[in-house]
Amino acid sequence: MDCLFCKIMAGEIPCTKVYEDEWVFAFRDINPQAPVHVLVMPKAHMSDIMACDGETMAHLLDAIQTIAKQEGVDKDGFRIVSNCGKNGAQSVGHLHIHLLGGRQLADSMA
């Protein structure tokens, strides 16, 4: 498969990993939009959130809680975002959730 994130998880492309378990892989974004910007994704290739089942989503959300605590953003707050499809500005065709925090984020979501 020619998926950038699958290649990163396979170790073919370097990354700064921050979390890994049986279901989930997470690493720092190479173009961070906040002091903490981590990409959290299922290890199984899924194109976007529409392809995700409830069990996988539960594992992703559990991992996000763990990572938020690990990164120290659990107390003051953080944002999670998943872009889905062309109009949602999804740039890599593998489901991933951005965890952003470490400063006051903008009120606007557009």
Side-chain angles (χ1 to χ4, degrees):
M1 182 175 297
D2 194 32
C3 171
L4 174 66
F5 289 165
C6 287
K7 289 178 180 179
I8 288 171
M9 286 186 277
E12 297 172 25
I13 298 172
C15 73
T16 304
K17 180 172 64 172
V18 297
Y19 179 86
E20 183 175 14
D21 67 20
E22 179 183 350
W23 293 80
V24 176
F25 190 89
F27 60 94
R28 298 201 187 284
D29 193 296
I30 62 168
N31 185 25
Q33 304 300 305
V36 173
H37 188 167
V38 176
L39 302 179
V40 183
M41 64 199 62
K43 285 186 169 180
H45 182 85
M46 297 174 191
S47 59
D48 59 34
I49 205 162
M50 298 304 294
C52 187
D53 59 89
E55 184 177 21
T56 301
M57 185 57 71
H59 285 288
L60 289 168
L61 293 173
D62 284 345
I64 287 168
Q65 289 179 333
T66 299
I67 296 163
K69 289 176 186 170
Q70 175 183 300
E71 296 293 316
V73 297
D74 58 314
K75 302 290 187 236
D76 290 330
F78 58 92
R79 178 176 293 160
I80 58 173
V81 177
S82 183
N83 301 331
C84 185
K86 177 184 168 199
N87 285 350
Q90 183 177 1
S91 60
V92 177
H94 186 121
L95 169 61
H96 57 287
I97 299 173
H98 298 257
L99 185 155
L100 300 129
R103 65 168 168 81
Q104 175 65 53
L105 299 173
D107 288 337
S108 173
M109 293 290 291

When you compare the side chain of Ile64 with that of Val24, does any pair of heavy atoms fall below 4.5 Å? no
Answer yes or no: is there a side-chain heavy-atom contact under 4.5 Å between His59 and Pro42? no
Should Phe5 and Ile67 be counted in the same cluster of Ile, Leu, Val, Met, Phe, Trp and Tyr side chains packed under 4.5 Å apart? no
Which residues pass the side chain to side chain contact (heavy atoms under 4.5 Å, CB included) test with Asn87, sequence neighbours left out? none
Partner set under ring pair (Phe, Tyr, Trp, His ring centres under 6.0 Å) for Phe78, not counting sequence neighbours: none
Please report the interatomic distance CE(Met9) to CG(Leu4), rounded to the nearest 0.5 Å. 9.5 Å
Salt bridge flag under 4.0 Å for residues Arg103 and Asp76: no
Looking at residues at least two apart in the chain, or sitting in another chain, which of them share a side chain to side chain donor-acceptor pair (under 3.5 Å) with Asp107? none
Considering residues at least two apart in sequence or located in another chain, which fulfil the side chain to side chain donor-acceptor pair (under 3.5 Å) criterion with His37? Asp29, His98
Linking I/L/V/M/F/W/Y whenever any side-chain heavy atoms sit under 4.5 Å apart, do Val73 and Val40 land together? yes
Could you give the distance from SG (Cys15) to CD1 (Ile8), rounded to the nearest 0.5 Å? 6.0 Å
If you look at every heavy atom in Ala34 and Gly101, which pair is closest and at what distance? CB-O, 3.5 Å
Would a 4.5 Å heavy-atom cut-off, applied to side chains only, mark Asp2 and Lys7 as touching? yes
Look at the side chain of Thr16 and the backbone N and O of Phe27, then say whether any donor-acceptor pair between them is shorter than 3.5 Å. no
Do Val18 and Trp23 sit in one hydrophobic cluster, given that two such residues count as connected whenever their side-chain heavy atoms are within less than 4.5 Å of each other, even indirectly? yes
Report yes if some heavy atom in the side chain of Tyr19 is under 4.5 Å from a heavy atom in the side chain of Val38; otherwise report no. no
Find out if a path of hydrophobic residues (ILVMFWY) with successive side-chain heavy-atom gaps under 4.5 Å connects Val81 to Met41. no
Taking only residues two or more places apart in sequence, or in another chain, which ones meet His94 in a ring pair (Phe, Tyr, Trp, His ring centres under 6.0 Å)? His45
CD1 of Ile49 to OG1 of Thr56, rounded to nearest 0.5 Å, is 11.5 Å
About how many Å separate CD1 of Ile97 and CG of Leu60, when rounded to the nearest 0.5 Å? 4.5 Å
Just verifying a value: how many Å separate Met57 CE and Leu95 CG, rounded to the nearest 0.5 Å? 5.5 Å
If you take all heavy atoms of Met50 and Cys84, which pair is closest and at what distance? CG-SG, 3.9 Å
Are the side chain of Glu71 and the backbone of Val36 linked by a donor-acceptor contact shorter than 3.5 Å? no
For Glu20, the side chain to side chain donor-acceptor pair (under 3.5 Å) test, sequence neighbours excluded, returns Lys17, Lys43
Gln33 vs Leu105 side-chain heavy atoms within contact, under 4.5 Å: no
With side chains defined as the heavy atoms from C-beta onward, is the minimum distance between Ser91 and Asn83 less than 4.5 Å? no
Cluster overlap Leu39 with Ile13, hydrophobic side-chain contacts below 4.5 Å: yes
